[in-house]
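Worth saying up front: this structure is predicted, and the values here are computed from it rather than measured. Each chain gets a letter, A, B and so on, in the order its sequence line appears, and its residues count up from 1.
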Amino acid sequence: MPYLTTRDFSSDVSATSTTQALLAWYDKHHRELPWRVSPKAAAQGKRPEPYHIWLSEVMLQQTTVTAVKSYFTKFLDLWPRIEDLATAPTEDVMAAWAGLGYYARARNLKKCAEAVAAHHGGSFPDTEEGLRSLPGIGDYTSAAVAAIAFNRQAAVMDGNVERVISRLFAIDAPLPGSKPFMKQRVVELTPVDRPGDFAQAMMDLGATICTPKRPACALCPINDRCLALAEHDPERLPVKAAKKEKPVRFGAAFVAVSPEGEVLLRRRIDSGLLGGMTEVPTTGWTARQDGGQTAEHAPFTAEWESCGAVTHVFTHFELRLSVFRAAVTRDSDTGWWEPVTNLHAQALPTVMKKVITQAIPLAFRKHAS
DNA sequence: AATGCGTGGTC
DNA sequence: TGACCAAGCAT
């Protein structure tokens, strides 16, 4: 591995022994990911596609690698270049994103693609500041894209890095207040030489070794300098503020089926919860089960038949929906009628797929007829 | 600064 | 099995 031995750290004040230990570990133990260029190929001059790095980073915001992989592949199949994404119908992008969650990301993804195509000639800005000004790109993503795609010396801090740093330096102060202090530690560790590999090394370490529960400290390349390990309890860090209790909200959802085998759908407004996504008609979602969750409150009169309930847990509340179904002639103007066989191609969030499955058990069967 | 914003995997 | 939590952003 000559690319390791020919590198000259002596002139790099940022390349502490901790940094070098992490990079050496990354060279051996890095994860293979669809959007990633291996450190060996990177050392030979191969650069990752900024479009791929950006797309993967947005998908990975608060989302696991496992969940992202198939979506990343699907998006590249549908829209191989950022210009393709910029000119794609927004509904198509929302439909492709359905199931991944945090749907503002999909709306901003589309806006960002349009901005890059319109104002940057189809090329991403190659600095942290330039990237930071784009929709859906914040502190983390701007630093990650700058470092990984453009080899800029940007200090990347995500949940993984917070965990690694808080343990390495035994930082007892709770998040998010301790974030600026931790960020400064990352700045000091980030090398001029391989900032992108260093960021990915920190995140891989956090994902595979320095895990939230039962960290594999025996395998850690920097266990000899970890202050939390020296104190014999790395798992207690980082300290986070206590979470608030999740309230319960109640509502009713109405699955209307036409004689032609279509379901009545409508589009949610662009802002707020599930913004811009597709749904079946529902009542409002209220804190109390107060009689407003019955068929009397359906958007129109029909022979509504109860088909049980669906519970879905969102980030900040738990939703319990009573589900109703009725055979209805196509006379409603509250939305559009979609063939059951085409529901899989709609921008239906998971909670709505649950509702429709409750009312029509085989709705999402492969090759439904 | 605190809150709103999804989902599925893990133990 | 329910609580935790995963490569955060916008406001």
Please work out if A/Thr350 contacts a base, only the sugar-phosphate, or nothing of the nucleic acid, heavy-atom cut-off 4.0 Å. sugar-phosphate
Between A/Arg330 and A/Glu262 (salt bridge meaning N to carboxylate O under 4.0 Å), is one present in this structure? yes
Write down the distance between CG (A/Leu175) and P (C/dG8), rounded to a whole number of angstrom. 12 Å
Evaluate the criterion side-chain hydrogen bond (donor to acceptor under 3.5 Å, both in side chains) for residue pair A/Tyr140 and A/Glu57; output intermediate values, then yes/no. CA-CA 9 Å; A/Tyr140 163 75; A/Glu57 290 300 345; 2.5 Å; yes
For A/Val161, answer base if it contacts any base atom (sugar-phosphate contacts may also be present), sugar-phosphate if it contacts only those atoms, and nothing otherwise; contact means non-hydrogen atoms under 4.0 Å. nothing
Please report the distance, rounded to the nearest Å, between CG in A/Leu131 and P in C/dC9. 12 Å
Taking the nucleotide of DNA chain B with the nearest heavy atom to each, does A/Tyr103 or A/Thr66 sit closer to the 5' end? A/Tyr103
Whole-Å distance between B/dT7 C1' and A/Gln61 CD? 15 Å
With a distance cut-off below 6.0 Å to the six-membered ring centre and an angular limit of 45° from the axis, does A/Arg185 pair with A/Phe181 as a cation-pi contact? yes
Is A/Trp54 touching bases, backbone alone, or none of the nucleic acid, heavy atoms closer than 4.0 Å? nothing
Nucleotide B/dG4, atom P - distance to NZ of A/Lys246 in whole Å: 12 Å
A/His316-A/Phe314 aromatic ring centre distance below 6.0 Å: no
Side chains of residues 201-220 of chain A: which donor-acceptor pairs under 3.5 Å do they make with residues two or more places apart or in other chains?
residue, atom, partner, partner atom, Å
A/Asp204, OD1, A/Arg31, NE, 3.1
A/Asp204, OD1, A/Arg31, NH2, 2.9
A/Asp204, OD1, A/Arg36, NH2, 3.0
A/Asp204, OD2, A/Arg31, N, 2.9
A/Asp204, OD2, A/Arg36, NH1, 2.8
A/Thr208, OG1, A/Asp204, O, 2.8
A/Thr211, OG1, A/Lys213, O, 2.9

Select one nucleotide: of C/dA6, B/dG6, C/dA10, the one nearest the side-chain heavy atoms of A/Arg132. C/dA10
What nucleic acid atoms does A/Ser56 come within less than 4.0 Å of, heavy atoms only: base, sugar-phosphate, or nothing? nothing
Just the rounded figure in Å: distance from C1' of B/dG6 to NE2 of A/His316. 10 Å
What's the NZ-P distance between A/Lys243 and C/dA3, to the nearest Å? 12 Å
Send over the distance from A/Tyr140 OH to C/dG8 P, rounded to a whole Å. 7 Å
To the nearest angstrom, the NZ-C1' distance between A/Lys179 and B/dA2 comes to 13 Å
Return whichever of A/Arg36 or A/Ile137 has its heavy-atom-nearest nucleotide of DNA chain C closer to the 5' end. A/Arg36
State which of B/dC5, C/dA6, B/dG8 makes the closest approach to the side chain of A/Gln62. C/dA6
Does A/Thr141 have a side-chain nitrogen or oxygen under 4.0 Å from the phosphate oxygens OP1 or OP2 of C/dC9? yes
Regarding A/Gly99, tell me which of base, sugar-phosphate or nothing describes its non-hydrogen contacts under 4.0 Å with the strands shown. sugar-phosphate
